[in-house]
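Down below is the structure, laid out as structure tokens.
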Amino acid sequence: MSMPHLPPLVLPITTRRLIIRDYTLADVNAVYSYVQDPAYWQYQSAEAPTAAQVESLLQWVVSDQASKPRRMHFLAAVRKDTGQIIGEAVIKVVNIAERQGEIGFGVSPKFWKQGFGSEIAGAALEAAFQHFKLHRVAGQCGPDNKGSIRVMQKLGMAREGLLRDVHHARGRWWSTLIYGILDQEYAKFKNLKKT
Ligand SMILES: CC(C)(COP(=O)(O)OP(=O)(O)OC[C@H]1O[C@@H](n2cnc3c(N)ncnc32)[C@H](O)[C@@H]1OP(=O)(O)O)[C@@H](O)C(=O)NCCC(=O)NCCS
């Protein structure tokens with residue numbers, strides 16, 4: 001069961017249309033340009049951040065890149081053809097010994113419904129299982145976040161539960177859906193897709 005060693009993730013990760021790489025501080029404006037859009041936060045309890053908040057987030061993200069072992073991977077998804085940052089991927093090793101992880105994903109509203117969310121989340125899940133050899137990987141989103149639910153279902157993740165009213169923000173209660181997938185299920189799902 002024990003897994004004392006966490007091999008560093010090899011970056012960038014390349015997918016069909018994207019390069020998924022570490023952020024640098026030069027990315028603040030590119031990130032701010034889409035996370036300032038309220039549409040992006042429609043189904044999330046957090047509010048659209050200010051440019052200063054994006055800057056401090058990226059400062060934290062960049063400083064955390066040096067952590068050893070590195071468990072958090074908050075990564076930029078860059079289009080190969082234009083070089084533009086169009087979203088982000090999150091791969092988090094929550095518990096090394098018990099091989100538990102989480103993935104997260106987001107896409108600039110300008111690029112929704114073009115398969116980028118699925119491409120980013122698929123790469124994050126593949127890294128979680130193939131590289132980090134995790135046993136269970138979870139993802140979460142608001143119960144009305146149809147796009148996110150669909151992205152997770154398409155990757156073979158199953159609905160595990162609904163945490164009701166776990167946050168109070170912006171004048172209302174927010175619930176969270178939990179999706180998850182185990183290593184054996186992911187292996188089966190990948191085999192099915194091949195045939
Ligand atoms: C969730 C999110 C990443 C989806 O990104 P995307 O690039 O539009 O996703 P895809 O194009 O890969 O779509 C995947 C599937 O979901 C469907 N879908 C996407 N948005 C949808 C919506 N608003 N309503 C219904 N279905 C939707 C697509 O049609 C597609 O289904 P299909 O393959 O069966 O045709 C994007 O909406 C987003 O960034 N939202 C804000 C941040 C967020 O909610 N992150 C995740 C949870 S915290």
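What you are looking at is a predicted structure, and each value in this text was computed from that prediction instead of being measured. Counting starts at 1 for both ligands and their atoms, following the listed order.
- The neighbour count for Lys146 NZ, taken as heavy atoms of other residues, nucleotides or ligands under 6.0 Å away, does not exceed 12.
- No hydrogens or angles considered: a donor-acceptor pair under 3.5 Å links the side chains of Tyr186 and Glu126.
- Scanning the protein heavy atoms around atom 37 (O) of ligand 1, the nearest turns out to be Trp112 CE2, 3.3 Å.
- Ligand 1 is approached by Gln140 to a heavy-atom distance shorter than 4.0 Å.
- If you check which protein heavy atom lies closest to atom 1 (C) of ligand 1, you get Ser148 N, 3.4 Å.
- The shortest contact between atom 22 (C) of ligand 1 and any protein heavy atom is with Lys113 CE, 3.6 Å.
- Using a 4.0 angstrom heavy-atom cutoff, Tyr40 counts as in contact with ligand 1.
- Residue contacts with ligand 1 include Gly115, since one or more of its heavy atoms lies under 4.0 Å from the ligand.
- When the options Gly104, Gly117, Ser118 are ranked by their closest heavy atom to atom 13 (O) of ligand 1, first place goes to Ser118.
- Near Lys146, with a cut-off below 4.0 Å to any heavy atom, the atoms of ligand 1 are 24 (N), 25 (C).
- Atoms of ligand 1 lying under 4.0 Å from any heavy atom of Gln44, numbered from 1 in the order shown and given with element: 41 (C), 42 (C), 43 (C), 44 (O), 48 (S).
- Ala89 and Ile120 make their closest contact through CB-CG2, 3.5 Å (heavy atoms, listed as atom of the first residue, atom of the second, distance).
- Minimum heavy-atom separation, Tyr32 to Pro49: CE1-O, 3.4 Å.
- Closest to atom 15 (C) of ligand 1 among all protein heavy atoms lies Arg150 CG, 3.2 Å.
- Residue-ligand proximity, Gln114 to ligand 1, at heavy-atom distances under 4.0 Å covers atoms 11 (O).
- The single protein non-hydrogen atom nearest to atom 19 (C) of ligand 1 is Gly147 CA, 3.5 Å, given as residue, atom name and distance.
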